[in-house]
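We name chains A, B, ... by the order of the sequence lines, and we start the count at 1 in each one.
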There are 2 protein chains.
Amino acid sequence: MAKAVTVYDVAKRAGVSIATVSMTFRRPERVKASTREIVHAAARALRYVPSASARGLADGRTGALGLFSYDYLVRVEAAAPAGGGPGAGVDPAPPSTVAVEREGPDERCREFPLYVDEIQHGMELACLEHGYALMIGGPSHVSPSTTIADIAGRVDGLAVFPQTLPTEALERIAGRIPVVAVSEPPCDDRLSHVTVDNRGGTRAITEHLIHEHGRRNLIFVGGLNPAEQRARFSGFQDALRAARLRVPRKPLVPPTRVTGTGRSAIELPAGFPLPEAIVCATDDVALDVLDILADRGVDVPGRVAVTGFDGIAAGRIVRPALTTVRQPMIEMGQAVVDILRGRIEDPDRPPEVRELPVRVVLRESCGCRPRAGIWRAG
Amino acid sequence: MAKAVTVYDVAKRAGVSIATVSMTFRRPERVKASTREIVHAAARALRYVPSASARGLADGRTGALGLFSYDYLVRVEAAAPAGGGPGAGVDPAPPSTVAVEREGPDERCREFPLYVDEIQHGMELACLEHGYALMIGGPSHVSPSTTIADIAGRVDGLAVFPQTLPTEALERIAGRIPVVAVSEPPCDDRLSHVTVDNRGGTRAITEHLIHEHGRRNLIFVGGLNPAEQRARFSGFQDALRAARLRVPRKPLVPPTRVTGTGRSAIELPAGFPLPEAIVCATDDVALDVLDILADRGVDVPGRVAVTGFDGIAAGRIVRPALTTVRQPMIEMGQAVVDILRGRIEDPDRPPEVRELPVRVVLRESCGCRPRAGIWRAG
DNA sequence: GTACAAAATCTAAGCGCTTAGAAAGACTAA
DNA sequence: TTAGTCTTTCTAAGCGCTTAGATTTTGTAC
């Protein structure tokens with residue numbers, strides 16, 4: 001790689017000062033057309049590429065937004081060849097021979113795209129639309145402690161998923177650049193938040209189970225910890241209460257184990273008494289439940305109805321297709337960017353909390369019938 | 001937002017020089033433990049976040065890799081509320097009411113994750129694994145011409161999809177940082193390339209159609225332009241030639257129109273004579289073909305078999321599920337990062353071309369039977 | 001040709017960090 | 001005590017760019 005070409009080189013070749021070179025790129029209209037042409041020619045000839053670091057340092061903005069995402073670490077491991085089964089790793093066959101196979105069990109499609117990926121995608125779209133670059137980072141084993149500051153230092157605004165960063169680090173970063181958390185706001189903090197109607201969504205899907213499918217004996221599985229999941233449980237309680245059914249105090253939180261491919265899945269005790277419906281805190285939990293019930297030969301939705309929450313892509317693929325509460329993930333990502341942009345423009349604007357609506361998507365696992373012609377779109 | 005805290009502030013508060021502050025973060029082992037503690041305390045108290053721009057400028061590396069992706073522009077538009085149908089935009093219902101609906105036709109799931117998204121995902125995983133941040137950009141309407149240099153200037157290495165950047169721009173950037181193109185290499189250029197066995201893959205899937213399903217009258221649809229698609233057509237020809245069937249000179253490239261949601265889809269003339277099998281240049285084309293055949297009431301795979309190429313997620317969801325040639329997209333993303341890292345470490349290393357193997361994935365659209373229990377994984 | 005305003009360009013001072021190499025301290029051995 | 005050796009810290013010189021404000025050029029009106 002050749003030594004980096006700088007404004008100085010371009011200026012010399014064009015016979016102007018470095019200020020003029022800079023002006024030519026930042027505010028072309030202030031430079032005489034003929035000069036502009038000369039400078040561009042010089043830049044082209046020298047293959048000049050301006051250094052964003054220098055610019056960022058000089059004008060105090062980077063032109064990028066950041067996303068600090070979680071669970072990547074886990075997925076790095078899961079994506080590594082796990083030995084066994086097709087689809088687990090890189091094909092060792094000689095390149096000249098093309099492997100041919102039926103599609104078998106493949107957990108990987110359950111790992112991408114996930115909830116976080118779709119939100120990220122929304123951010124990508126919005127960033128591009130507004131001329132920002134998107135910088136993606138996450139907790140890394142290479143420099144576990146540095147990364148936070150590292151990524152925070154190179155963007156003008158940062159989005160984080162809950163529980164990716166210690167509160168102290170967040171506060172620290174939020175003191176320097178705008179930060180929005182993709183999560184329910186706790187009682188109070190200095191951050192902006194983008195969240196959804198977790199409670200209302202779960203209430204609605206639970207009521208659907210009760211009123212449209214006549215289920216009276218329902219349980220809620222998973223999710224004791226994150227605020228969102230607690231809110232969802234409340235929605236479940238709301239629905240039972242309104243229907244005058246028995247209201248449990250706590251969700252059922254089954255233990256988890258690690259599957260062959262490194263994913264952690266929930267477990268249900270063998271003698272588990274089956275309810276008429278299982279409302280799950282997340283799609284991920286629901287998919288596990290579906291697996292377990294299939295293993296035991298339980299008819300879903302005939303004997304037990306199952307629902308999820310999130311609306312991840314895998315829920316459409318599974319049979320029976322998963323009825324769920326879909327979060328508007330793309331829009332959430334866009335909202336994140338929107339808030340960030342606002343606060344970058346006006347640093348004094350106070351943190352903002354934006355709650356987006358959800359929608360219940362009826363598929364097969366609740367007992368609704370599939371709709372024909374899904375793919376006749378256009 | 002408070003005024004930015006710098007090394008100077010931390011140094012003053014800790015009673016040391018800025019060099020010591022810097023050392024404390026970059027090479028902690030060279031600083032006396034007690035000093036280190038004092039500096040950290042000061043940094044914490046002041047909420048110091050180091051500026052990556054300054055660091056990048058000073059040491060000449062940014063610690064980030066870039067991906068210049070395409071078609072985002074198109075997708076930004078497609079994602080905008082298109083007016084009509086559920087799922088087209090943001091739900092206008094009042095936040096307190098949760099919408100409940102059956103899942104209807106929804107083209108959006110065909111837009112994400114796409115081929116590029118999965119490669120990007122592979123890059124994300126690899127970047128995180130090696131302590132790099134990933135910077136994502138693409139052609140933007142905001143500053144169409146600037147962006148290239150903009151993103152090139154802030155990363156240590158760049159990946160690009162074909163036809164995202166004019167060759168001249170690529171050469172320019174490649175003169176400053178390592179660049180790898182995710183595409184078949186043209187006769188020669190100064191870039192590294194990551195690609196797959198396009199020709200062999202198509203040959204294999206075509207031979208499957210011929211030998212396992214007895215199809216003798218096959219056509220190839222789509223893809224005249226990009227090098228990859230041309231290579232795939234060659235593979236198609238190879239298979240026909242080997243089977244002593246009539247070998248067409250050119251692929252069929254149908255005109256395209258724009259659908260209601262802004263996506264562009266191919267069209268087949270009404271009186272189109274049906275072959276026994278349609279080998280498509282990409283999954284995207286294959287999904288269009290499936291739509292068209294469904295519209296006309298043609299039995300797939302009974303009357304006509306259809307295959308794709310890529311292995312995008314939507315191909316599993318569609319009915320009949322799409323038989324295709326799957327590219328190892330995650331691995332490709334990882335290979336990209338791998339090459340980039342190598343060339344960053346050793347700038348004199350010559351550009352590298354890496355071809356990864358593909359695999360034929362048999363699903364329903366070729367006439368193979370679905371396999372039971374896909375979801376009983378774990 | 002002169003006076004003055006507007007346009008174009010330049011000079012110079014940072015932006016916040018890293019890192020040689022110099023200086024100062026702390027120990028050790030004689 | 002003194003010289004010699006590490007270890008720790010500091011001084012100072014950039015890194016490549018932006019941008020006030022100064023200076024020069026150009027254009028206009030008389």
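The B/Ala58 side chain lies nearest to D/dC15 when the options are D/dG16, D/dC15, D/dT8. Distance from the side chain of B/Ala19 is smallest for D/dT11 among the nucleotides C/dT18, D/dT11, D/dG16. Which of D/dT18, D/dA12, C/dT9 sits closest to the side chain of A/Ile18 comes down to D/dT18. With C/dT19, C/dG16, D/dT19 as the candidates, the nucleotide lying closest to the side chain of B/Arg27 is C/dT19. Taking every side-chain heavy atom of B/Val31 into account, D/dT9 is the closest of C/dG16, D/dC10, D/dT9. If you check C/dT18, C/dC17, D/dT9 against the side chain of B/Ala54, the one that comes closest is C/dC17.
Remark: B/Ser17 is in phosphate contact with D/dC10, judged by side-chain N or O atoms under 4.0 Å from OP1 or OP2. Under 4.0 angstrom from either OP1 or OP2 of D/dG16 there lies no side-chain N or O belonging to A/Ser51. OP1 or OP2 of D/dC17 has at least one side-chain nitrogen or oxygen of A/Tyr48 nearer than 4.0 Å. In terms of phosphate contacts, B/Thr35 brings a side-chain nitrogen or oxygen within less than 4.0 Å of OP1 or OP2 of D/dT9.
Counting to the nearest Å, the P atom of D/dC15 and the OH atom of A/Tyr8 are 8 Å from each other. Spacing between atom CE of A/Met23 and atom P of D/dA20 amounts to 8 Å, rounded to whole angstrom units. Here the C1' atom of nucleotide C/dG16 and the CZ atom of B/Arg26 are 13 Å apart, to the nearest Å. Spacing between atom CG of A/Leu57 and atom C1' of C/dA13 amounts to 13 Å, rounded to whole angstrom units. Atom CD of B/Glu29 and atom P of D/dT7 are 13 Å apart (whole Å). One interatomic measurement links the two molecules: CD1 of B/Ile38 to C1' of D/dT9, which rounds to 13 Å at whole-angstrom precision. In this structure, A/Asp59 atom CG and C/dG16 atom P are separated by 12 Å, rounded to whole Å. Remark: P of D/dT7 and CZ of B/Arg30 are 11 Å apart, rounded to the nearest angstrom.
When atom types are taken as modelled, the side chain of A/Glu355 and the backbone of A/Val194 share no donor-acceptor pair closer than 3.5 angstrom. A donor-acceptor pair under 3.5 Å is formed between the side chain of A/His193 and the backbone N or O of A/Ser183.
Using cut-offs of 30° and 60° for the angle between ring planes, the B/Phe25 and B/Tyr48 rings count as tilted.
Between B/Lys32 and A/Thr20, the one whose closest nucleotide on DNA chain D sits nearer the 5' end is B/Lys32.
Listed by first and then second residue, the salt bridge (Lys or Arg N to Asp or Glu O under 4.0 Å) pairs involving residues 27-42 of chain A are A/Glu37-A/Arg44 (not counting sequence neighbours).
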Evaluate B/Gln334 against B/Glu129 for side chain to side chain donor-acceptor pair (under 3.5 Å), listing each step before the verdict.
CA-CA 10 Å; B/Gln334 290 171 331; B/Glu129 192 178 358; 5.0 Å; no

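Residue contacts shown for A/Ser22 include a base, since a base heavy atom lies under 4.0 Å away.
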